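Keep in mind the model is a prediction, meaning the values are calculated, not measured. Naming: A, B, ... by sequence-line order, numbering from 1 per chain.
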Number of protein chains: 2
Amino acid sequence: MVTLEENGSKVAMGKVSAELAVTPGTATSMVKNMERDGWLKYYPRQGVSLTRKGKKVAMNMLRRHRLLETFLVETLGLDWSEIHIEAEELEHAISEKVLEKLDEFLGSPRYDPHGHPIPSKGGTIQRPSSQTLQNCDAGITVRVESILDQDSDFLKFAREKELLPGKAVSVIKSEKLADVITLKIDGREPFSMGFRSAEKILVV
Amino acid sequence: MVTLEENGSKVAMGKVSAELAVTPGTATSMVKNMERDGWLKYYPRQGVSLTRKGKKVAMNMLRRHRLLETFLVETLGLDWSEIHIEAEELEHAISEKVLEKLDEFLGSPRYDPHGHPIPSKGGTIQRPSSQTLQNCDAGITVRVESILDQDSDFLKFAREKELLPGKAVSVIKSEKLADVITLKIDGREPFSMGFRSAEKILVV
DNA sequence: ATATATACTTTGATTGATCAAAATAGTAAA
DNA sequence: TTTACTATTTTGATCAATCAAAGTATATAT
């Protein structure tokens, strides 16, 4: 008897052929080709499971898909219900370079409009760092991980200040009573922001 | 590709097969299929010309292409010289709905970053100037309208010299026999270029 | 245990895209 | 006119994707 563990990560051929909308025979031959190319492991009459290589591109596709969905909703204002199909088309056409520019433009969002986490460039789904700029002490330097707020005006402000993912930020002052934090990025002018806004910046 | 479709008169099969990077025999059979589907008229051993239906989709593709190029430069900040290839991929994947949202987001621009007019939704296009830098006399000043060549090296050169759409250019010398024209832009150093290159710059 | 149903694989045929090479038409040169 | 050249078309073959239908293994029910 096949246990759950043995069957664990494998996807049955029936699912594959249904998902791809092809006959079972076609699914079998597609899967064999993909195994030849190293994308997945095929266990006849049991199913398929992705190889490391396969998982990597799958994660990348998920990243593409979710970033595009975010763009379609946040920037272009499409309805959340119609973005899936649109993103499905675009995710195959967009280059890595354009994707990363888009990510930057959006402020490296952590979640897509459906609330699904967006995998990082490296292919891992980040668990949210709980550290925000708000609770950083004066004198220390942190790296921006992401901007939680998706509001395009806030993102514009962040971009203006170069308060972008990956940037090193020095905390000059943090005045709890005044509810304000003063920051410096690279060689630029220091600037201040309220705790309410600082809370929207995740850092490590 | 777009260039071929833009031209109203017949395009020789040699051009078609070269542009699509297929053997002449393949071009012939592709063209026959496209005639069957009503995209173009095929005159054996003479060439092809688009039908009204074919022209309509070609114009739509041009609109897609140029709106996307505008987006890539204006919004995402990609380099001027690398957008052509990126847009070529995306123009086939983007839906009509997303395209119109993008147009709205960009503020319905009339010209793309190269200075080329963007066809309207209805498919009409403002006819570009037929005047090129090549046939400008010494002493006069013109405004760059657009750059015809999409080659990224040429675009890089143009940007270096600030030979960009909208710029005023003074023609210092134009030596027909030597096949060279000398230009000055703003307060910068004058520079020269051959007629072959000057021919690629549309001016008014 | 045996029979039956279900899920999957194999087989064989079809279709469409493509190419290389041979055939042909149209054009320029002698 | 005849010849030679060039562009284009035709032909025949290959390859990959796909499907329908037949065959096979595995699970389920009796």
Mind checking what makes side-chain contact (heavy atoms from CB on, under 4.5 Å) contact with D37(A), not counting sequence neighbours?
W39(A)
Please list, for nucleotides 26-28 of chain C, all pairs of protein and nucleotide N/O atoms separated by less than 3.5 Å.
none

Looking at residues at least two apart in the chain, or sitting in another chain, which of them share a side-chain contact (heavy atoms from CB on, under 4.5 Å) with K55(A)?
L50(A)
For dT9(D), take OP1 and OP2 only and decide whether either is under 4.0 Å from a side-chain N or O of K32(B).
no
Is the gap between the ring centers of H84(B) and H65(B) under 6.0 Å?
yes
Restricting to side-chain hydrogen bond (donor to acceptor under 3.5 Å, both in side chains), what partner residues turn up for T23(B), sequence neighbours left out?
T26(B)
Quick check: do L148(B) and H114(B) have side-chain heavy atoms less than 4.5 Å from each other?
no
Report, as a single string ordered 5' to 3', how protein heavy atoms within less than 4.0 Å touch nucleotides 12-18 of chain D: B base, S sugar-phosphate only, - not at all.
-----SB
Relative to F195(B), does K176(B) satisfy both conditions: NZ or CZ under 6.0 angstrom from the six-membered ring centre, and within 45 degrees of the ring's axis?
no
For A27(A), which contact category applies under a 4.0 Å heavy-atom criterion: base, sugar-phosphate, or nothing?
nothing
What is the nucleic acid contact for G14(B), judged by heavy atoms within less than 4.0 Å: base, sugar-phosphate only, or nothing?
sugar-phosphate
Test side-chain hydrogen bond (donor to acceptor under 3.5 Å, both in side chains) applied to R188(B) - qualifying residues, sequence neighbours left out
E162(B)
